[in-house]
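What follows is a set of notes on a single structure, which appears directly below.
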Amino acid sequence: MTEPTTSPIRRKLIEVSLPLEEINRESAREKSVPRKGHPATMHLWWARRPLATARAVLFAQLVDDPSSHPDKFRTSEEQAAERERLHQIIRELVVWENANDEGLLRRAHAEIVASAPDGTPPAILDPFAGGGTIPLEAQRLGLDAHASDLNPVAVLINKALIEIPPKFSGRPPVFPGAAESRLGGWPRASGLAEDVRRYGAWMRDRASERIGHLYPQAALPDGSPATVIAWIWARTVTCPNPACRIEMPLVRSWWLGKKKGKEAYVVPRVVDDPSVPSGRRVMFDIAHDPRLGPTKDNDGTVMRTGATCCACGSTADLKYTRAEGREGRLGSKLMAVVAEGVRQRVYLPASDQADAAARVERPAHLPDGEVADNPRWFSTPAFGMTKFTDLFTNRQLVALTTLSDLVSEARDQALKDAVSAGCPDGFPLELGGTDAVAYADAIATFLAFALSKLADWSSSICSWIPQIEGVRDTFARQALPMVWDYVEINPFSNSVGNAGAHVTWVADGVDGLPSRSEVRASASQADAARTTFSSTEVVSTDPPYYDNIGYSDLSDFFYVWLRRSLREVHPSLLSTMLVPKAEELVANPYRHGGKEGASQFFEDGFERVFARARESANENYPITVYYAFKQSELESEGVSSTGWATLLEGMIRSGWAITATWPVRSERSGRMISVGTNALASSIVLALRPRQESAQAITRRGFLAALKSRLPQALREMQQGAIAPVDLAQSTIGPGMAVFSSYAKVVEPDGTPMTVKTALALINQALDEVLAEQDGDLDADTRFCLKWYAQYGWSEKAFGEADVLARATNTSVDGLARGGVLTSRAGRVRLLPPQDLPSTWDPDADDRLSVWEAMMHLARVLDSGGVEAAGALMPRIRQRVDLETVQLLAYRLYELTQSTRPSDALLFNALGTSWSDLSSVARRTEATVTTSQSSFDFDALDEEF
Ligand SMILES: C[S@@+](CC[C@H](N)C(=O)[O-])C[C@H]1O[C@@H](n2cnc3c(N)ncnc32)[C@H](O)[C@@H]1O
């Protein structure tokens, strides 16, 4: 029995241990496939956090670590068992398919309530709510959720996720005939979702009646008509060669389809045409023979510096094209038509009729708004496309204005239908209404979201992707780049990006929302630097990070359309012409007088927010803050990078102590050695506690001693969560920083306060030492192997050297060879890498089993047989050696090899990364063995349920 771990404050799970690998894995899985019903598909927002991460973080932020209850969990074993139970809840919670599992969510909520000092959990406040991930997950967990953001588009998204649907939870749809279309009730917001679907279809049909004729069918080669999916255009500029002056197409790539057996590409051809000033024009044919298709050297006409004329070969440099653009002299030419064929896309040559059909009048009542003057993200103004409406063709503008008008018409219709269904008028949504008017407002809001989606898929920044024969939307990147050959989708087809599909995505999103009416939710517009925080709320937030994303400038693209469609529905939120910019926390050199001014603005603002939050911090809970590293910063400076240190410094200065730092990822990380990756995580979740006013200063020496005494235990607790070795250093910053930031300051020998950057380096160093010190607890054979490996890796050396080391570590070379970890032949000794170990190995029959050997065999089996095979081996190994020590050895070896032997580091990382999977296979294997050995005890089973 081990001594209990006690703690004066009630530490939360997030401050001790998380099943990090599972959280990261599920977060990556959730992000990799946008699914119907996922809220992210309802409206675009840049760099959303995965729901899984937010759900796990909130749960762990609010639930006590068992060490906070030494009265209930007296030994560290009991605490570990309880921690494992809580980890198991997190493991279930993070699975996307469980997101609306009521039973599971109730269980999670009950844990949160049980950890609340007075049985009432706090509300969650996210003052940088963005796409709404954190507030939504708070609501899902049954908590009151308050979202605020400076950006009205973000506020609207948050309203749509947490505020609006619960008002109408459980209500049947009002569209005539819809309520009767389903047996049973309309749980959550499914009635509202159904109405969004119905009025969306109604809108699409009205639009088709009004403007459908602008999208004529195409004739297939056999003469039969086919619906067009998309038109592919090239921008054009007049050739600068005075002898040519042809309208030269600006094309990045001629390829249309690259799927094997379905190759297609455009072939330009110059023909005489006396009707145009140059007397010639470029026509486009479609060809299919992959052997004759464009190659790297002759694909398209546009290069980095300019474009080549396909008639005369002259170059139009970028400067010329920009100047022509600014003079309004860029044109467009239809290159190809993509039509619906039988189970495949059919590429047809552009016809004059198809080209002419698109050349409609620019509609009236267009939204106004200039694209930001920031060439880093916005390239179009340099070519004269300075207004948001310049980013669309006239036909696209007609479609968007028609549908935007129809949002209001659908709202009127929905209001009439709701009243006919017996609902009183009531107040508008903005005034807190919940009756017919508010309901119609809600429907209009979601229909406008579908319009936002259509705008994203229907600008002339969209391009064709020949590899998948699909469309790259406007915001495939967090920027508005200039696109030369663009694609115009047919909003009335049944294929890629059509208007109906966007309605379905939005409606399905509404359907999948938790929509809990029993908790309070609010979404409002506020500058986080002026927000008044309250101690009844606990913050969980994902602030902007320096100049990573220009949210306000980007979101104007949507804002102008949302404002056009919803100004009467959300009059105060959409009152400004464009999204507010001045208070936005972003290090934008164009706004703040250069790079330095921009960083200063950001850092000051950031600190101000956290200083305010500190003023009314709730002492019972940590707050959580997400931090995003810049990739370049990580690569050059690692975990003690300057930006990171500056922000930590700011938080500490504003009165916070850092109690945890967890590297979270939403990129897929290779789990097996073959696809392994040892990239550092680019995001960190921090837990912060208000630093005690009574905190004392300490010397550097005192700090180092405190670190050394705290880290081993922290490491053991963390290890329970099975974190990947690659994540160990970033995770250990947490307990290290907890020590550092619990003091008023750490004093250097020369009397100056220690910087965070120095502290980060010392924490890293202390981790290495702690891991190395644990070597002393290893068995003699393992100590030998570790030392030998650290020096020579897998290479062969003289027996004499091995003999000396073996004696020093209290073992023998012969014994080690018999043990099966090395070969000793003809005076040469070599450690065996996992792939050279015998596949017939049987742990039960091994009479000299060391931690090293066990680890290497696990790595071998994991590599060759996968998680199932390696996990099944674990129970047998556990009979002989301590598995926790095996896991620690994997961390140790990873730390040892990460910079010097990257391929070995991958191997050890893969083992550490898979540890929790291996453990669950092991548990399953053991359970199967136990169950098959014992007979069923039905009474005991009854009791369990
Ligand atoms: C990293 S994003 C949040 C993303 C969000 N967690 C999600 O998953 O979608 C940061 C947000 O901070 C907002 N923001 C920037 N400056 C702000 C300010 N001064 N006050 C409030 N919000 C601000 C931006 O509009 C942006 O939505």
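For ligands, and for the atoms within them, numbers begin at 1 and follow the listed sequence. We count residues from 1, following the sequence as given. Just so it is clear, the values below take in all heavy atoms, side chains as well, and ignore hydrogens, waters and symmetry mates.
Closest protein heavy atom to atom 10 (C) of ligand 1: Asp542 O, 3.5 Å. The shortest contact between atom 9 (O) of ligand 1 and any protein heavy atom is with Gly131 N, 2.8 Å. From the protein, the heavy atom lying nearest to atom 11 (C) of ligand 1 is Asp149 OD2, 3.6 Å. Of the protein's non-hydrogen atoms, Tyr551 OH, 3.3 Å is the one closest to atom 2 (S) of ligand 1. Given atom 20 (N) of ligand 1, the protein heavy atom at minimum distance is Ala528 N, 2.8 Å. In this structure, atom 16 (N) of ligand 1 lies nearest to the protein heavy atom Leu585 N, 2.9 Å.
Annotation: Asn151 places no N or O atom under 3.5 Å from an N or O atom of ligand 1; distance criterion only. At under 3.5 Å, a nitrogen or oxygen of Leu150, whether backbone or side chain, sits near a nitrogen or oxygen of ligand 1. Looking at ligand 1, you won't find any N or O of Phe128 less than 3.5 Å from one of its N or O atoms.
The heavy atom nearest to atom 5 (C) of ligand 1, out of those in Ser148, Ala129, Pro39, Pro152, is found in Ala129.
If you look at Arg48 next to ligand 1, the close heavy atoms, those under 4.0 Å, come from the backbone and the side chain alike. When non-hydrogen atoms are compared, ligand 1 lies under 4.0 Å from the backbone of Pro127 (N, CA, C, O) but not from its side chain. Counting heavy atoms closer than 4.0 Å to ligand 1, residue Ala529 contributes nothing at all. Contacts between Ala526 and ligand 1, counted as non-hydrogen atom pairs separated by less than 4.0 Å, involve the backbone only.
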Anything under 3.5 Å between a donor and an acceptor, one on a side chain of residues 127-138, the other on a protein residue two or more places apart or in another chain? List them.
| residue | atom | partner | partner atom | Å |
| --- | --- | --- | --- | --- |
| Thr133 | OG1 | Arg49 | O | 3.3 |
| Glu137 | OE1 | Arg55 | NE | 2.5 |
| Glu137 | OE1 | Arg55 | NH2 | 3.3 |
| Glu137 | OE1 | Arg140 | NE | 2.9 |
| Glu137 | OE2 | Arg140 | NE | 3.1 |
| Glu137 | OE2 | Arg140 | NH2 | 3.0 |

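When the shell of 6.0 Å around CD of Glu568 is examined, it contains 12 or fewer heavy atoms from other residues, nucleotides or ligands.
Set against the non-hydrogen atoms of Arg49, the atoms of ligand 1 under 4.0 Å away are 7 (C), 8 (O). Heavy-atom contacts of Asp527 reach the following atoms of ligand 1: 18 (C), 19 (N), 20 (N) (cutoff under 4.0 Å). Close contacts of ligand 1 with Trp45, meaning ligand atoms under 4.0 Å from a residue heavy atom, involve 9 (O), 27 (O). Those atoms of ligand 1 that come under 4.0 Å of a heavy atom in Thr133, given as number and element, are 7 (C), 8 (O), 9 (O). Near Pro544, meaning under 4.0 Å from one of its heavy atoms, ligand 1 places the atoms 10 (C), 12 (O), 15 (C). Less than 4.0 angstrom separates some heavy atom of Glu584 from each of these atoms of ligand 1: 15 (C), 16 (N).
No side-chain N or O of Thr913 forms a donor-acceptor pair with one of Glu21 less than 3.5 Å apart. A donor-acceptor contact closer than 3.5 angstrom links the side chains of Thr576 and Tyr559.
Side-chain atoms of Ile652 and Arg691, non-hydrogen and from C-beta on, do get closer than 4.5 Å to each other. Residues Ile112 and Leu143 meet the side-chain proximity criterion, which asks for heavy atoms closer than 4.5 Å.
A side-chain donor-acceptor contact under 3.5 Å links Gln139 to the backbone of Ile162. The backbone N or O of Ser169 sits nowhere less than 3.5 Å from a side-chain atom of Arg188 that would complete a donor-acceptor pair.
Ring orientation note: the planes of Phe475 and Phe557 are nearly perpendicular, at an angle over 60° on the 30°/60° scale. Ring pair Tyr545/Tyr627 is perpendicular by interplanar angle, where above 60° counts as perpendicular and below 30° as parallel. Trp46 and Phe558 have tilted rings, their planes meeting at an angle from 30° to 60° on a 0 to 90° scale.
Taken from CG in Leu513 to CG in Asp511, the straight-line distance is 8.5 Å, to the nearest 0.5 Å.
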